[in-house]
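Notes follow the structure.
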There are 2 protein chains.
Amino acid sequence: MRLSTKGRYAVTAMLDLTLQGGDGPVTLAEISETQGISLSYLEQLFACLRGKQLVRGVRGPGGGYYLGRPAEEISIADIICAVDEWVEFTRCGGKRDCKDGKRCLTHNLWDELSSEIFNFLSSINLAELVERGGLKEEGCIREDNKDDLVASRGTTRAA
Amino acid sequence: MRLSTKGRYAVTAMLDLTLQGGDGPVTLAEISETQGISLSYLEQLFACLRGKQLVRGVRGPGGGYYLGRPAEEISIADIICAVDEWVEFTRCGGKRDCKDGKRCLTHNLWDELSSEIFNFLSSINLAELVERGGLKEEGCIREDNKDDLVASRGTTRAA
DNA sequence: GTTTAAACCGAGTATTTAAGTTGGTATTTG
DNA sequence: CAAATACCAACTTAAATACTCGGTTTAAAC
């Protein structure tokens with residue numbers, strides 16, 4: 001699993017599309033403006049998303065993009081997989097080269113973890129995220145606790 | 001949250017360290033050999049890990065690395081945060097620019113998701129991962145390496 | 001006390017990826 | 001037709017990744 005800024009752009013754009021959707025198609029120009037992502041880069045991302053049927057484009061004036069299917073049926077993993085290549089990490093692919101065992105075991109563990117992350121992200125869909133998250137915002141001011149939360153939580157499970 | 005190959009290398013190396021640990025320190029040369037990661041790159045990663053107290057180095061011949069604290073108290077998020085910079089995605093940081101609301105709402109949603117991913121990865125520690133993951137593989141594990149593993153995961157009857 | 005195995009350190013580099021740019025073509029609306 | 005939009009491909013820049021090189025400590029072993 002890979003979660004880069006590219007994936008973030010894609011998720012952000014899809015969230016934007018979800019929020020604005022319903023009133024007809026949303027143009028990339030709008031998303032570009034709203035989210036501060038360059039239009040051409042969005043085009044590239046949406047080419048990937050369209051390839052995986054996550055969005056549907058409508059050409060011509062008044063055109064734009066719709067979600068490819070209901071927001072309930074689009075998971076975060078779907079989005080990230082569409083734009084971020086899923087690179088296989090294990091080099092032993094299968095059981096060749098696995099003569100020494102230890103290497104392969106570690107690979108297995110990584111795969112296990114990777115699957116869990118994937119399953120987790122698969123369990124979150126756009127609709128849920130919007131519903132849950134939407135409760136919280138009021139005028140955009142969020143407490144700055146997210147920084148501390150994230151920055152230096154030395155021991156995580158100790159407490 | 002960011003989950004790149006760099007983080008994967010770090011997690012893989014830490015898993016290796018967990019698996020081999022107990023018999024004294026593990027050298028980077030061994031990890032390099034076992035996992036196929038260049039020694040100098042490992043040094044860089046371990047400089048980060050050491051900075052966050054996740055590992056403890058012992059110099060001189062017979063030296064190497066120990067886990068900085070028990071495997072139960074090291075989460076995957078700890079490892080990834082140590083090596084991957086946590087870049088703040090929102091550009092509105094605070095309340096400036098957030099006049100139009102929509103942009104900021106999407107940012108909030110992203111933050112929400114990001115926190116969830118972080119919490120999820122915080123909930124998985126090295127010890128658990130080794131215990132759970134060990135059950136699955138068969139054929140990749142070698143007799144002579146199995147001893148401490150078998151001890152820690154109970155039985156090897158899966159095969 | 002010399003040698004040696006290791007951690008530690010910092011600068012440099014090649015490759016890849018991300019992100020944006022440019023300059024289009026294809027479709028559809030009006 | 002003109003305009004707005006998706007669509008497309010090649011190029012460019014900037015940054016991150018992954019690695020290299022050449023060291024310096026430190027401490028154990030001889």
Side-chain angles (χ1 to χ4, degrees), chain A residues 2-13 17 20 23-33 35-68 80 82-89 91, chain B residues 1-13 17 20 23-68 80 82-89 91:
Chain A
R2 174 127 157 242
L3 184 48
S4 64
T5 52
K6 195 176 178 185
R8 281 199 294 221
Y9 276 129
V11 171
T12 302
L17 193 50
Q20 298 193 57
D23 302 334
V26 180
T27 68
L28 291 188
E30 289 175 272
I31 297 177
S32 170
E33 168 74 17
Q35 300 301 332
I37 306 169
S38 93
L39 180 59
S40 298
Y41 195 42
L42 275 177
E43 284 180 348
Q44 286 175 40
L45 297 177
F46 273 70
C48 299
L49 295 170
R50 187 160 34 81
K52 295 290 174 58
Q53 324 281 336
L54 298 181
V55 296
R56 184 167 48 89
V58 177
R59 289 175 156 200
Y65 280 97
Y66 292 100
L67 289 180
I80 291 172
V83 299
D84 269 326
E85 243 34 59
W86 189 287
V87 252
E88 197 56 47
F89 192 47
R91 296 163 186 183
Chain B
M1 190 77 216
R2 172 124 155 247
L3 184 48
S4 65
T5 52
K6 194 175 177 186
R8 280 199 296 220
Y9 276 131
V11 171
T12 301
L17 193 50
Q20 297 194 56
D23 302 335
V26 180
T27 68
L28 291 189
E30 289 176 272
I31 297 178
S32 170
E33 168 74 18
T34 312
Q35 300 301 330
I37 307 169
S38 93
L39 180 59
S40 298
Y41 195 44
L42 274 177
E43 284 180 347
Q44 286 174 38
L45 296 177
F46 273 71
C48 299
L49 295 170
R50 188 159 33 80
K52 294 291 174 57
Q53 324 281 335
L54 298 182
V55 296
R56 184 166 49 87
V58 177
R59 289 178 155 200
Y65 280 96
Y66 292 100
L67 288 181
I80 290 172
V83 299
D84 269 326
E85 243 35 59
W86 190 288
V87 253
E88 195 57 43
F89 190 46
R91 294 162 187 182

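Computed from a prediction, not measured in an experiment: that's the story for all the values here. Throughout, protein chains are lettered first and strands after them, A, B, ... in sequence-line order, and every chain is numbered starting at 1.
Between the OH atom of B/Tyr9 and the C1' atom of C/dT16 there is a distance of 12 Å, given to the nearest Å. Following rounding to the nearest Å, B/Asp84 (CG) and C/dT17 (C1') show an atom-to-atom distance of 14 Å. Atom-to-atom, CD1 of B/Ile37 to C1' of D/dT17 comes out at 13 Å; the value is rounded to the nearest Å. Look at CD1 on B/Ile31: it is 15 Å from P on D/dC19, rounded to the nearest Å. Atom CG of A/Leu45 and atom C1' of C/dT17 are 13 Å apart (whole Å). Spacing between atom NZ of B/Lys6 and atom P of D/dT17 amounts to 5 Å, rounded to whole angstrom units.
At the phosphate of D/dA16, neither OP1 nor OP2 sits under 4.0 Å from any side-chain N or O atom of B/Ser4. Residue B/Tyr41 places no side-chain N or O under 4.0 Å from the OP1 or OP2 atom of D/dC19.
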Every protein N/O within reach of nucleotides 13-15 of chain D N/O, cut-off under 3.5 Å:
none

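The nucleotide whose nearest atom lies closest to any side-chain atom of B/Thr5 is, among D/dT17, C/dA18, C/dG20, D/dT17.
A distance of 10.0 Å separates CG of A/Leu45 from OG1 of A/Thr12, quoted to the nearest 0.5 Å. Separation of atoms OG1 (B/Thr34) and CG (B/Leu17) is listed at 11.0 Å; rounding is to 0.5 Å.
Across every non-hydrogen atom of B/Val83 and B/Lys6, the tightest pair is O-NZ, 3.4 Å. Of all heavy-atom pairs spanning B/Pro25 and B/Tyr66, the tightest one is CD-OH, 2.9 Å. Between B/Ala82 and B/Cys48, the shortest heavy-atom contact is O-CB, 3.4 Å. Nearest heavy atom pair, residue B/Thr27 against residue B/Gly63, reads CG2-O, 3.5 Å. Contact detail for A/Ile31 and A/Ala13: the closest heavy-atom pair is CG2-CB, 4.1 Å.
Between the side chain of B/Ser32 and the backbone N or O of B/Leu28 there is no donor-acceptor pair closer than 3.5 Å.
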### Summary
Scoring nucleotides 1-10 of chain C by protein non-hydrogen atoms under 4.0 Å (B base, S sugar-phosphate only, - none) yields ---BBBSBB-
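Using the six-membered ring where Trp is involved, B/Tyr9 and B/Tyr41 have ring planes that are perpendicular, over 60° apart on the 30 and 60° scheme.
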